[in-house]
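Okay, so here's the structure we're looking at.
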Amino acid sequence: MGRVDFSDVKHETRAFAGVTVPVSVVPRFKRQTYPTRFLFSLKSLIDGMRLTFGYLVRPSKVVTRQYPENRATLKFPERYRASLKFKFDENGYQHCNGCGSCERACPNGSIILNTRKGEITGRNEIERYIWRMDSCVLCNACVEACAFGALEMSHEFENAVYDRRLLVYTLNRYAGPTANVLLKEENLEARAAMMTKLDTYGGPVPMNGHALPTVRALGSPRDEAKPDGKGAAS
Amino acid sequence: MTVRIRTLDELLTPPAAGSSELSTQEYFVNMGPQHPIAHGSLRLVIRLDGETVKEVIPVPGFVHRGIEKMCEKITPRQVIHLTDRLDYFSAIMNNWGVAKLVEKAAGIETNGRIETIRTIMAELQRIQSHMLWWGVLGMDLGAFTAFLYAFRDREIISELFEETIGARLTMNYVRPGGVMFDIFPDFPAKVRKLLGYLGPIMDEYDTLLSGNVILQERLRNIGVLDPKRAVALGCTGPVLRGSGVPMDLRKTAPYGRYGDVEFNVAIGTMGDCWDRYYVRMEEIRQSLRIIEQLVDGIPEGPVNVIKASARITIPEGTYYDQIETARGILGIMLVSDGKSPNPYRIHFRSPNFNNMWAVTAIAPGWRIADIISIQSSLDLVIPEIDR
């Protein structure tokens, strides 16, 4: 017991704003004279040190996690939101039909959706799904708004890059119709004809050959040493 | 009563030396915009006579992002994600404030399950916020150990949020007409385990920091804010309750499930830094009590009464609603023109903005080192002041 008795919380009721409010009045200090006060003060310091020393000699209480050493065993909760990605079925087909509800739900225009008229199917289909991670706040509004389950939040959280233009992704792997439409077509070649292959950085959005003073352009000769040539974002 | 408005330039003109023998030439010290006690970017211009504080002039505005203006271009569902970024330690309460206002304005009825989940989450967030404040107060006053202890326990709540909501800080969880995700079936068990852990931990906190004589001497009788002044300045939350005013929206205007549960409003007697400190410690215990009563009987039902993509059109008019966040009353005023789904104007009455001005009332007369205690006990989150 020190200068303040922490169990001395007074439970009372007060009339306030027309209602009776049950209150807990917090403890205050007791009057103490010199020698007692000195001893209590000393004891309070020793108590605190004993507590921290207790943790020092109990390694079982250590809660530190050794990131990045534990990268291999790092587990994230199912709903963890780190980056946006497309859901693909077992054939690698997407479910997005380009309805644009995610684009409308996005609070800051991080999603830009280009659609096209399919040459073979004659329907509206997705041409390029641009996701700007540099402005995205990972609010999950797009996933929530998607009625077709085409989007999901992935757990890939190590997204640091040297140039923010590298944070502009193309999410769809091909421009073309949804899985439903593709699976109706039995002929594999006809299926492939409906789809135009895309990569993460392609078209007008990413830095293709645009060098910065400190960052060399993607696809420049020095990049060939790297297997993918796409930096950290692939 | 006349109010004399002084500009910052006028305030920063050094006055002549004081009349007392001991007074010296007054001078100014800038505390901030980058200073550990600001917990953000807040500039405090302090007029000093020796070490005695004569006047404190807060200069906010370094983190202004124009959130209120941004809200005019987006729908109420999208406004929610910006309220995360007002006071990021009260994200769920801020979300709930907007959701509550929109539900009231558009006439959306929620069910018991939604309200229970919201209440539990808001109280968890309050505990988390107060724990962070506790650790940071210790760090400000030179006790770094407290910071680590607070983060160790805060992590458990953060992980609970991470698992249920998918984010740890800017959660965007409560939305008009429900919550974004349903809780997992094992959520109540996890919360009960958390409650069992946090109860004894609070005593550990008392041993480690509250009982420490150095902390007590730096908080006791320092920075007394009397209740009349606190009310006049518009202070809310633990700052006002520390002065002994039992103002708590959870009691005076119950929302959510607060009307069904028993809890006490923690108040202080004197209004010094110690009262503001211990009011928050007591609030953690009361929050544990609230969660304990709710977690065992979460009603069944859907967690959303309207679809996420539903277009909510608010009828023409001006609406106001307020909510008790971890730092006080967040008031939201919304003006709707009745045609567009976007609000015509949104204004946030942020608790921190009013609490910040308390420092001008309580700091003069104290030493410069006491400013640290006073600022820490006010528990300001600067991005909410600047919005």
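Each chain gets a letter, A, B and so on, in the order its sequence line appears, and its residues count up from 1.
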With a 4.5 angstrom heavy-atom cut-off, is it the side chain or the backbone of [X] that approaches chain A, or both, or neither?
| X | answer |
| --- | --- |
| Glu155(B) | side chain |
| Glu159(B) | side chain |
| Leu148(B) | neither |
| Arg285(B) | neither |
| Met247(B) | both |
| Thr164(B) | both |
| Thr252(B) | both |
| Met70(B) | neither |
| Val245(B) | side chain |

Next on the checklist: Using a 4.5 angstrom heavy-atom cutoff, name the option from Ser101(A), Ala82(A), Cys139(A) with the most pairs to chain B.
Outcome noted: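 Heavy-atom pairs under 4.5 Å are most numerous for Cys139(A).
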
Checklist entry - chain B: which of Ser41(A), Gly18(A), Gly48(A) shares the most heavy-atom pairs with it under 4.5 Å? => result Ser41(A)

So which of [options] has the biggest tally of heavy-atom pairs under 4.5 Å with chain A?
| options | answer |
| --- | --- |
| Ile80(B), Thr269(B), Val279(B), Asp275(B) | Asp275(B) |
| Lys307(B), Met270(B), Gln286(B) | Met270(B) |
| Lys251(B), Glu217(B), Met180(B), Glu262(B) | Met180(B) |

Contact summary for [X] and [Y], nearest pair of heavy atoms:
| X | Y | answer |
| --- | --- | --- |
| Asn264(B) | Val23(A) | ND2-O, 3.7 Å |
| Pro22(A) | Phe263(B) | CG-O, 3.6 Å |
| Arg85(B) | Val137(A) | NH2-CB, 3.3 Å |
| Ile267(B) | Arg14(A) | CD1-NH1, 3.1 Å |
| Val213(B) | Ser44(A) | N-OG, 3.2 Å |
| Glu163(B) | Pro77(A) | CA-CB, 3.6 Å |

Item to check | Ion pair check, Arg77(B) and Glu144(A), cut-off under 4.0 Å | outcome: yes

Checklist entry - Under a 4.0 Å N-O cut-off, is there an ion pair linking Glu282(B) with Lys10(A)? => result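 Salt bridge between Glu282(B) and Lys10(A), a charged N being under 4.0 Å from a carboxylate O: no.
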
Which portion of [X] sits near chain B, non-hydrogen atoms under 4.5 angstrom:
| X | answer |
| --- | --- |
| Val25(A) | both |
| Cys106(A) | backbone |
| Arg50(A) | neither |
| Thr52(A) | both |

Give a yes or no on this: more than 12 heavy atoms of other residues, nucleotides or ligands lie within 6.0 Å of atom [atom1] of [X].
| X | atom1 | value |
| --- | --- | --- |
| Phe38(A) | CZ | no |
| Tyr67(A) | OH | yes |
| Phe53(A) | CZ | no |
| Arg65(A) | CZ | no |

Do [X] and [Y] come within less than 4.5 Å of each other through their side chains, counting heavy atoms only?
| X | Y | value |
| --- | --- | --- |
| Leu208(B) | Met49(A) | no |
| Leu45(A) | Ile214(B) | yes |
| Asn140(A) | Phe181(B) | yes |
| Tyr278(B) | Arg28(A) | no |
| Tyr149(B) | Leu51(A) | yes |
| Asn172(B) | Arg81(A) | yes |

Next on the checklist: Under a 3.5 Å distance rule, please check whether Trp274(B) uses its side chain to pair with a backbone N or O of Phe29(A) as donor and acceptor.
Outcome noted: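 A pair under 3.5 Å: no.
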
Next on the checklist: side-chain contact (heavy atoms from CB on, under 4.5 Å), that's the test. Do Val26(A) and Tyr277(B) meet it? Break it down for me.
Outcome noted: CA-CA 10 Å; Val26(A) 302; Tyr277(B) 170 84; over 6 Å; no

Checklist entry - Within 45 degrees of the axis of the six-membered ring of Tyr55(A) and under 6.0 Å from its centre: does Arg152(B) put its NZ or CZ there? => result yes

Checklist entry - If you draw the axis of the six-membered ring of Tyr80(A), does the NZ or CZ of Arg168(B) fall within 45° of it and under 6.0 Å from the ring centre? => result no

Checklist entry - Where do Glu78(A) and Phe184(B) land on the side-chain contact (heavy atoms from CB on, under 4.5 Å) test, with the steps shown first? => result CA-CA 11 Å; Glu78(A) 187 192 321; Phe184(B) 284 115; 4.2 Å; yes

